[in-house]
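No hydrogens, no waters, no symmetry mates; every other heavy atom, side chains included, goes into these values. Naming convention: chains lettered A, B, ... in sequence-line order (proteins, then strands); numbering from 1 in each chain.
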There are 2 protein chains.
Amino acid sequence: MIALNTKYSQAKSEQPIDAQRPGLLSPAPAQGFEGVLQAQRGARQVFERNDTIFSEGHPVDRIYRIIAGTVRLCRHTQNGKRYIADFLLPGDMLGFIDQNDHLFTAEAVDYVSLAYYPRSQITRLFDSDASVRTHFLMHFASRMMAFQDHLFTLACQSAKERLCSFLLRLRSRGGTGAGQLLNLSMGRRDIADHLGLSVETICRSLAQLRDAGIVEIPNIHQLVLKDVEALRALSEATAE
Amino acid sequence: MIALNTKYSQAKSEQPIDAQRPGLLSPAPAQGFEGVLQAQRGARQVFERNDTIFSEGHPVDRIYRIIAGTVRLCRHTQNGKRYIADFLLPGDMLGFIDQNDHLFTAEAVDYVSLAYYPRSQITRLFDSDASVRTHFLMHFASRMMAFQDHLFTLACQSAKERLCSFLLRLRSRGGTGAGQLLNLSMGRRDIADHLGLSVETICRSLAQLRDAGIVEIPNIHQLVLKDVEALRALSEATAE
DNA sequence: CGGATAATTGATAAGACTCAATACGCGTGG
DNA sequence: CCACGCGTATTGAGTCTTATCAATTATCCG
């Protein structure tokens, strides 16, 4: 199973999953899979910036829940390229259930604190509890949708559109501080590798947004979204 | 549930997803989900080229299995852009189980013959049969992997690399006729919208492959792969 | 055969990449 | 406390890939 991400699955089980386009996430009581886990505290582990949490191809033996910090899921190629599939935030889970080996490398973007649970425990849960399985499926489906949206972004959007889509997605996932403040824990390079662009293009696009008065850049790791509507218009992200 | 695609899970059979998970995914009898369905004949329905099978956003009431032909799953945007998430071939299934509405529009690439089953029947199966659920999960996982590969393609690869990756993927999925012959039922525009390129770029890249003696183009809808190794080298598709 | 659609090829331009040169931030150590 | 050095970010200049526009050819189908 691909990275589990509770944020994505926070939809009531009676609600159709498609009601939650990424960004419109209905709140849900922590139940099912994550609920059971969160009831237990789990062992803790911390990582420094750029530490590897686990590597692509290595056997899965734990499921993690992020307590603090940001994690990137990525792939590295022989020729030095890197592709970042997703960023995971506090509350998100990461692990791989029905795969022997990890599909991605997980790395700490900043200081990261994780709780982890042995894989066997997850397996037991899954076997014994139907609601856990249901939760799982919803998880899977919403993750799939998120990846589809990203596919659309990469296939159809220009640099600036991609960046705007990304910022809006981050905002809707709670990467935001107070009000318009958006925490950009990941570096420019990370964003570039996530959006299939170069670092320089990210910088230039950000500068354009700044010059247009759409965002302010108080410092490297924070962004003030002055005009969300303009961002939305620029992203043109809404398929259909 | 996203498009079900038996071909993907069959292709992964050398690396059985479920074998290693005694509890989570009990070894499924070869049939599982599709097996049960195929035992029943199902009603039939045929579509002409470019017919819409179902539309994005419409309620899901049937699950389809492709008897013959090729189906494309796509999204249309306001500004006339189109993104093709995937092509489905005979044997593949399409439908959405735990979604109220379709995530994609499904269209017939050529003449398509489908068997279909009411959604309620699928739901019952899913609720009552653990092996069906297992099969489902495997399905999901392999689909997820396929989409991840595609994401990598779109994020990191050049035009020619994308095309080579695509041809190889098609080949490995059995879109192939005898030996080196590859059936390209989809048009150039379809390929372009799948790979995030323009029609002209597809043509030019194909011409380059032809001029390099790597492929032959006997006619629009067939390709002879003269040098698969060269294709593989050009695709550079292997992450890590 | 003829008209429509799709594919191919050519010419040009725009967008994004690369290379290169600062500037900034931050931690370290004098 | 400041100077230094390293990594990252930013900005500029030039190039290259790919998109766009246009014209021609091929293919399909009635």
Please report the distance, rounded to the nearest Å, between [atom1] in [X] and [atom2] in [N].
X: Leu184(A); N: dT8(D); atom1: CG; atom2: P; answer: 16 Å
X: Leu206(B); N: dA26(D); atom1: CG; atom2: P; answer: 17 Å
X: Glu161(A); N: dA16(C); atom1: CD; atom2: C1'; answer: 14 Å
X: Lys160(B); N: dA19(D); atom1: NZ; atom2: P; answer: 15 Å
X: Lys81(A); N: dT18(C); atom1: NZ; atom2: C1'; answer: 13 Å
X: Glu200(A); N: dG15(C); atom1: CD; atom2: P; answer: 18 Å
X: Gln222(B); N: dA7(C); atom1: CD; atom2: P; answer: 15 Å
X: Met186(A); N: dA9(D); atom1: CE; atom2: C1'; answer: 16 Å

Parallel, tilted or perpendicular for Tyr64(B) and Phe47(B), by the 30°/60° rule? perpendicular
Among dT10(D), dT20(D), dC17(C), the one nearest Cys203(A) by side-chain distance: dT10(D)
Given dT10(D), dT9(C), dT18(D), which nucleotide is nearest the side-chain atoms of Leu197(B)? dT18(D)
Upstream residue (5' side of DNA chain C) when Gly196(A) and Pro218(A) are each assigned their closest nucleotide: Gly196(A)
Start at the 5' end of DNA chain C and walk down; is the nucleotide closest to Ile202(A) or to Gly187(B) reached first? Gly187(B)
Do Arg75(A) and Tyr83(A) form a cation-pi contact, if we require the NZ or CZ to be under 6.0 Å from the six-membered ring centre and within 45 degrees of the ring's axis? no
In Å and rounded to the nearest 0.5 Å, what is the CD1 to CG distance from Ile214(A) to Leu225(A)? 10.5 Å
Dump the intermediate steps for salt bridge (charged side-chain N to carboxylate O under 4.0 Å, His left out) on Asp193(A) and Arg72(A), then the final yes or no. CA-CA 11 Å; Asp193(A) 287 347; Arg72(A) 60 173 176 254; over 6 Å; no
When we call it a touch if two heavy atoms are under 4.0 Å apart, what does Arg189(A) touch: a base, just sugar-phosphate, or nothing? sugar-phosphate
So what does Arg210(B) touch, heavy atoms closer than 4.0 Å: a base, only the sugar-phosphate, or nothing? sugar-phosphate
Is the shortest heavy-atom distance from the side chain of Phe87(B) to the side chain of Met186(B) under 4.5 Å? yes
Please confirm whether the shortest side-chain N or O distance from [X] to OP1 or OP2 of [N] is below 4.0 Å.
X: Arg188(A); N: dT10(D); answer: yes
X: Ser198(A); N: dA16(C); answer: no
X: Ser158(A); N: dG15(C); answer: no

What I want to check is whether an N or O donor and acceptor connect the side chain of Arg204(B) with the base of dG10(C) at under 3.5 Å. yes
Between the base of dG7(D) and the side chain of Arg49(A), is there a donor-acceptor distance below 3.5 Å? no
